[in-house]
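Data first, discussion second: the structure below is written as structure tokens.
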Amino acid sequence: MSTLLEIKNLKTHFFSKDKVLPVVDGVDFKVKKGETLAIVGESGSGKSITSLSIMGLVPKPGGKIVEGEILFDGKDLVQLSENQMYKVRGNDIAMIFQEPMSSLNPVLTIGEQITEVLIYHKKLSKKEARQKAIELLKIVGFARAEGILDDYPHRLSGGMRQRVMIAMAMSCDPKLLIADEPTTALDVTVQAQILELMKDLSKKFESSIILITHDLGVVAELADRVIVMYAGQVVEESPVVSLFDEPLHPYTQGLLSSIPKLDEERKRLTSIAGNVPSPDSFPKGCRFNTRCPHVMQVCIDKQPDLIEVKPGRKSRCFLHEEGVNSNG
Amino acid sequence: MKKLLLLMAMVLFLSIFAVACGGGDDAPEEPADESPGETDATEEDEDEDEEEATGPQYGGELVLGSMSDPVMFNPYYSADSASADIEGQLFNGLMTSNTELEMVPDLAVDYPEVSEDGLVWTYRIHEGVLFHDGVELTAEDVVFSFSIPIHEDYTGPRASTFQYLESVEALDDYTVQFTLSQPDAAWPITASYSILPKHILGDVPIADLEDYNEFNLENPIGTGPFKFAGWDAGVSVTLEAHEDYFEGRPYLDKITWRIAADQNALVLLLETGDVDFINVPSSELATVETFDHVNISSTLALNYSFIGWNLQNPLFQDVRVRQALTHAIDRQEIVETILEGEAEVAHAPASPLSWAYPDSVPEFHFDPDRARELLAEAGWEPGSDGILEKDGERFSFTVLSNDGNTTRRDIGIIMQQMLGDVGIEVTPEQMEWGAFLDKINPPNHDFDAIILGWNLGLDPNPEAIWATWEIEQGLNFISYSNERVDEIAKENSSIVDQDERAELLAEAFQIIAEEQPYTFLFYPNQHLGMVNTLGGFVHHPRVTFYRVNDWYISE
Amino acid sequence: MAKTLEQEKLTVNENQSDILLEVNGLKKFFPVKAGILQRTVGHVKAVDDVSFYVKKGETFGLVGESGCGKSTTGRTIIRLYEPTDGKVLFEGKDISNLNEKQLKPYRRDIQMVFQDPYSSLNPRKTVGTILEEPYRVHKLYSKAERKERVEHLLEKVGLNPDLRNRYPHEFSGGQRQRIGIARALTLNPKLIIGDEPVSALDVSIQSQVLNIMDDLQKDFGLTYLFIAHDLGVVKHISDRIGVMYLGKMMEIAPKRRLYSNPFHPYTQALLSAVPKSHPSEVKKERIILKGDVPSPSNPPKGCVFHTRCPKVMDHCKQEIPALKELEPGHFVACHLYE
Amino acid sequence: MTTYIIRRLVMMVPILIGISILSFGIMYAAPGKPTVLNLDPSISVEDRERQMERLGLNDPVHIQYLRWMGNVLQGDLGHSFTRKQPVTKLIMDRLPNTIVLMVVSTFLAVIIAIPFGVLSATRQYSKLDYGVTFTSFIGLATPNFWLGLMLIMLFSVQLGWTPVGGVSTLGADFNLLDRIHHIILPAFVLATADMAGLTRYTRSSMLEVINQDYIRTARAKGFRERTVVYKHGLRNGLIPIITIFGLMLPTFIGGSVVVETLFSWPGIGKLFIDATFERDYPVIMAITMFAAVLTVLGNLIADILYAIMDPRIEY
Amino acid sequence: MAKPEINLPNDINAQTLGKRRSLLSIIVAKFFQNKLAVIALVVLSIIITSAILAPLITPHDPNLQNLRHRLEPPGPEFWLGTDHLGRDLFSRLLYGGRVSLTVGFVAMIGAVSIGTTIGAIAGFFGGKVDAFLMRLVDVIISFPNIFLLITLVAVLEPSMEILILVFALLSWTGTSRLVRGEFLTLKNREFVLAARTIGMSNTRIIFGQILPSAMGPVIVAATLAVGNFILAESTLSFLGLGIQPPRASWGNMLTYSQSVTIFRNAVWYPTFPGLAILITVLCFNFIGDGLRDALDPRIVEK
């Protein structure tokens, strides 16, 4: 499979009067055509800002891509002018957001919001756009799609809105879909519907998907490959199955073992000590060193690199460099 | 500043002399406000333009500045000066006043014949006087007009002006005879009330006349030099020349009163040429004088300003105290500073313009030492804080004036300082006009001292202000009472001979001046600013728009 | 014929001393006010005839999706809301209609831990003040004792007692939640109602808090009513679990029974909807419910679940199924089991 | 919606009755009687007393109130004490002027405030933003009579660009340009404070909106910033402005008192002030009630517009 | 009893809490980031201080007339010139500032106290109490304010005390709506619920828990209100209903100078009181704006 998107050493920092927050600090990864890549991390890990960096929508004022390349289909998105980015966004790369309740414009009808993308990017006539919108709505599971078109978002439930968001995102057949916590705000039963829908769509549209989530369950459901982010950096990269089978990085290990699971019973949860560091106080050395059960002097002194431990599997940890088996 | 406008003309000076006030063409008062002025009182002169040479010519129009909308155009019901100004142009009376403040024939051909007992007055009127609608004015119209205020259904405010008129009848088409119930010195003035057209109003029941807007507001018809052309509420009133005016067509084609909200606006409108004629307050005189296209005419106004001492208040019951107060106030300084010299210090309750003005009255000039002396005589000694005391009571009082009148406001403030120098504590206070009147008028009499002015009527009868019986209900709110003055007040109005009456009045004025129930402040000048192309203007001390039919525009 | 909860209650009564909290036919309706007029046009039946009991020392989990009324149930029990109907028996005494004054002693026995670690602590007060407040309200202990107790509690929840003088905003979410727990513990309560206490936390922090709650339960002999939407979390911490849907109790069962053998179609769907914890399990068939939860202001007639139920029958649309005990301790409200 | 409006209109009734009782009470508590004021002091006490009787001013206050209320319910606002005209006519003569002034100044305020507010928000912390912010604060801090007189001195007297006052050139026929010429300065002065306030509101409302998720969605769709701001942002940003706008209505009437005086604008603000000082009860009551109705209606209109603008609101 | 997985609490805290920052210090720091607000604060402090210290600073008695020195231009004797009665404008400006600022502050305190109390009661108790109080607010809001002011001041005779009273009585509605809104939100905040679950009394909850959190917007509104009252006083002065002479206030000083002649011949007279009002109100607005940002609760929660 060929690479659709390659991110090299992406650094997106936030500047305020007295400090610089390295929210995304040297992220590398690739997305291949047709694959679903999950980016997992807790709050403050920089996963959302990474996705917004790809979209060229880093919050302003304050946020800025200070370094790195985002190669999409061979073009470096970082270098594109704002005018050129307009053609990429919504067309080649689409995005859906976490909050379906607030991500739709409350004063425009569903129809207006879907068709405007089609009219803008695909230069369809109003009528064609409307037809296409109906098709899309049917695809995302609305039986009476025509009726929905003239409704306002507030009349729809969260699940329905997220479907609308998906329909909107898919309307221009994007090559890449970025889904930022698409199911987090939804109830379990609705989440299941949406996950099911996304699985179908990824097959149908052959789009690549970047799935951003903190929920490893969602990762297990959808992803082909996984990137684990911590404190603005990628700490582990792996195909999904091997990640669950054998997590390499101590953070991933902690994460996996701290989740209470339905299908197993433990008297006591394993947990990662301490707190997720905030970007203004990332520790020196390995950023996980404050919470790592295997912390060594070297971890405090310098930063480990993201190295390929096994084929297709990378980890950012001195344990691997020194050949220590993480399962020990 | 503002309020001047708000309060309409009457705010400024209470007009006085109940009987005196109603002359048809003389508005009870001018919108002259604080405007005092000082020219030689004597020259109520034609301040005619220098360029007399061109001579009168027909045509042109004039825009006159006004600060308030008129109320209506029916002098038997209106009571405001804006209405009176316009009524003066729309109607004529049998008599009118001249610049000497004498009553002279208007519609009447000559002075009336008066019966021996002074009860029967017979007027002969001009023939061929036409109303604006072309109908000739006859004695019937006069009879009709004077029957209105004596009719039992009359709803207007003038009934008492006509209280001594018993009957009026037409002897023929051009002769009309009035019968009075008792001699009335003010009758010649009363006889100057406007003549209304019977052929239009004759069928309207007297009870409905006040609200008969078809005439009163929409289409007043009179015999005056100008006829009604339009009224844009709050904006302007327009009159056009009455072609068939009995004295000949006025020179001007059209006059328009433009209503502006305040004094500043009028001054600016005059400057920009939007208005041709305004009343200039002395505070703005300096500005108007700089306008090249404007002439200013000044004359003594028929009014005076005073500080009234409430004689019900023990503080002011001693005549020495009142004299001392007058001695302590530097009226000349007030005139020269806040009035910019545009006034003359007053000593008596009559205007120098009046025939009744006495030759001499006691005067109390600025003399703080004399003031202290008099106060000491009256038993007032400086207390520990420098304020005079007597029997443990401090000499401290409030002087009230109506807000909106900046001159009075400033006089209060200055007075505070001047009286402070002799050890009297004064608190100046201003009140909104309505509240102010409520406070000073009977039955309240709730004040220590007030600063106010009287607009004088043509008749100098002192009764309304000084007679004891006016304390309870009338204008004698300071509660002045003097037996001799009461006698004179009662007697004088029935003395028809002017010299005899003047002598009597002088006595009353002297008594009042001696007793100083008021500290008489000054006789202000009034100033009229007008474009220098205006000719034929004559400055009448009471009537701003006097003989407008003689006015003309010269190129 | 299965026993209804009413009957169950009778059996429970025999060993009443085991029961700490009993909720019987609890209802909480909120008036729906329309527009700016604020006229009541209907009611949101947030909790509609819910019954269950919590035994001493156990953790009773209450799960359900948003809008199912689980939080309202918790808040009505602790009398943050006035119940519309029904009884809440605490140690056998009905506290549902006590006034605030009569309630005060019970305030010490029942405490609550809230969901949002950011809004549950007064931002203007120091942690010490927040934790001492309950003592001041109940006029307990001297100043020095209060301080000592607060420090002790902070230590108990794994925080440095020296941080007493800090403000909430200086703490991370997990730490704040510990403070929230410490506050609930100040008055030595018998029952703690946890209203989604870990759902706002990051996964790695969530487990810390769950562990602390576990420990405290043992140390203090606490009883928990644990409200959550995360089935994994509920399973981990609870002994018995009640499943709510649209204001109604659907199923109550001991944890193992519920997860291994759910009776109610809703419970089955719910469990099946949970994302799998390993990619290899994803292939398994799952029950996908259609549509969304209906609005509680206008719940469906009959069984409230009938609109989405894969096994819906005709009379589900008419009759409200009663909560019946199918197996010992396993209650279900479903017409399938009649 | 119709029933909602009807219900709201019904709800106005008690409020208006409350206001009428309150203002009638205050008015009567004021020292000074109408006849004392509106009549020349030369008028005798008897004549004055007769006037009082005729106007019913000697009756107890509650009787007078009920009589007034009764007449109002029959559509009769009474006769002005001082102006001898039906109040309805007095008001109708001047109301158009006030309304024109209000409409124009509102229009000015809106067309200036909203674009600047939006620009200020979209370029937060730019020089333009600071400039707009500073200017609008100055607009809020300037006493408008002072501003008015200074502008008159500058534009009308020094430069001669605008007339000193009035609605139109005296005696001229209706001429739109002439009207505009006359109205521009008073409308601007009347609009300043609201313009400034509206700019601030627009700015903060837009700032709020710009941080909303749906704006991010719109950006993610690839729209140009202009489309994002004006199509997706502005309509949402304007919704709260509408409420403000409804609340602004009565302040325009209030402000008109000052502006009408300054610019010799024959409107009801000026009439009201005059009536207050003259104790012209029927006129005071009529204008107070008119303003109250306008205020209440302003709120209602704002709510209705709100509902139209915001599909989330349903009645 | 700390379990090994929890790690040692001391370590965590030492690492993540960092340097201690109290709420106040954050607010102050945030406020000081707003340069305009800081400048405004400095200017306003100077104005207030000089108004307070007026008796010590002023070179002349503010009410002493010197009729020989009327409308003198600014100079060494009269720093800002004299007014139409020859009174020293600088002295009057400072004394007038006392009056204007007093009117502004006291009226603000009155309005804010009434508004806060009523808003708090309405918001906290809700239901019928709320409905009644909000109807009251409706009536007062629907009452055309300027008309009521004019009428009331005319009725009660304008003195500083009356002016303050009338301002306070008419201007609390905004605050009450604001506070009510805050209360409606805050009373369902979990920390308030928590206070209820420990059995805290309503009074204590209102004053101890909710009110302090609701004060942010109130303080902002109060700051702006002071400026507005100063402006309102000047407008009433213009209509002849402001502070009465000889007591100086910025409003009546400005009003007395509204004459064409004074504008032409003594332009300093209208200029200085006008500027005093403008600058003071401007300062209050800028400070209010700065406080709005500084007191924004979000800064603490982020």
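Sequence lines set the chain letters: A, B, ... in the order given, protein chains first and strands last, and positions in each chain run from 1.
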Taking the side chain as every heavy atom from C-beta outward, state whether Q209(E) and R124(C) have any pair of such atoms under 4.5 Å apart. no
Taking side chain as C-beta onward, heavy atoms only, is P168(C) less than 4.5 Å from F191(E)? no
State the [atom1]-[atom2] distance between [X] and [Y], to the nearest 0.5 angstrom.
{"X": "I78(C)", "Y": "R196(E)", "atom1": "CD1", "atom2": "CZ", "result": "10.0 Å"}
{"X": "E133(C)", "Y": "R204(E)", "atom1": "CD", "atom2": "CZ", "result": "7.0 Å"}
{"X": "E190(E)", "Y": "S119(C)", "atom1": "CD", "atom2": "OG", "result": "4.0 Å"}
{"X": "E100(C)", "Y": "N202(E)", "atom1": "CD", "atom2": "CG", "result": "7.0 Å"}
{"X": "R75(C)", "Y": "T197(E)", "atom1": "CZ", "atom2": "OG1", "result": "10.5 Å"}

Does the K104(C) side chain pair with the main chain of I198(E), one donor and one acceptor, at a distance under 3.5 Å?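 Side chain of K104(C) to backbone of I198(E), a donor-acceptor pair under 3.5 Å: no, none is there.
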Given heavy-atom pairs under 4.5 angstrom as the criterion, report whether the side chain, backbone, both or neither of K101(C) touches chain E.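 Neither part.
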Contact part of L121(C) toward chain E, heavy-atom cut-off under 4.5 Å: side chain, backbone, both or neither?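 Backbone of L121(C) only, per the 4.5 Å heavy-atom cut-off to chain E.
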Which atom of N122(C) lies closest to which atom of S213(E), heavy atoms considered: OD1-OG, 3.7 Å
Could you report the tightest heavy-atom contact between S120(C) and A194(E), atom names first, then the distance?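 Closest heavy-atom pair between S120(C) and A194(E): O-CB, 4.5 Å.
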Taking non-hydrogen atoms and a cut-off under 4.5 angstrom, which of residues 135-143 of chain C neighbour chain E?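 Under the 4.5 Å heavy-atom cut-off, R136(C), V137(C), H138(C) qualify.
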In residues 107-114 of chain C, which residues are in contact with chain E at a heavy-atom separation under 4.5 Å?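 So the qualifying residues are R107(C), I110(C), Q111(C), M112(C), F114(C).
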With a cut-off of 6.0 Å (strictly less than), are more than 12 heavy atoms of other residues, nucleotides or ligands near CZ of F220(C)? yes
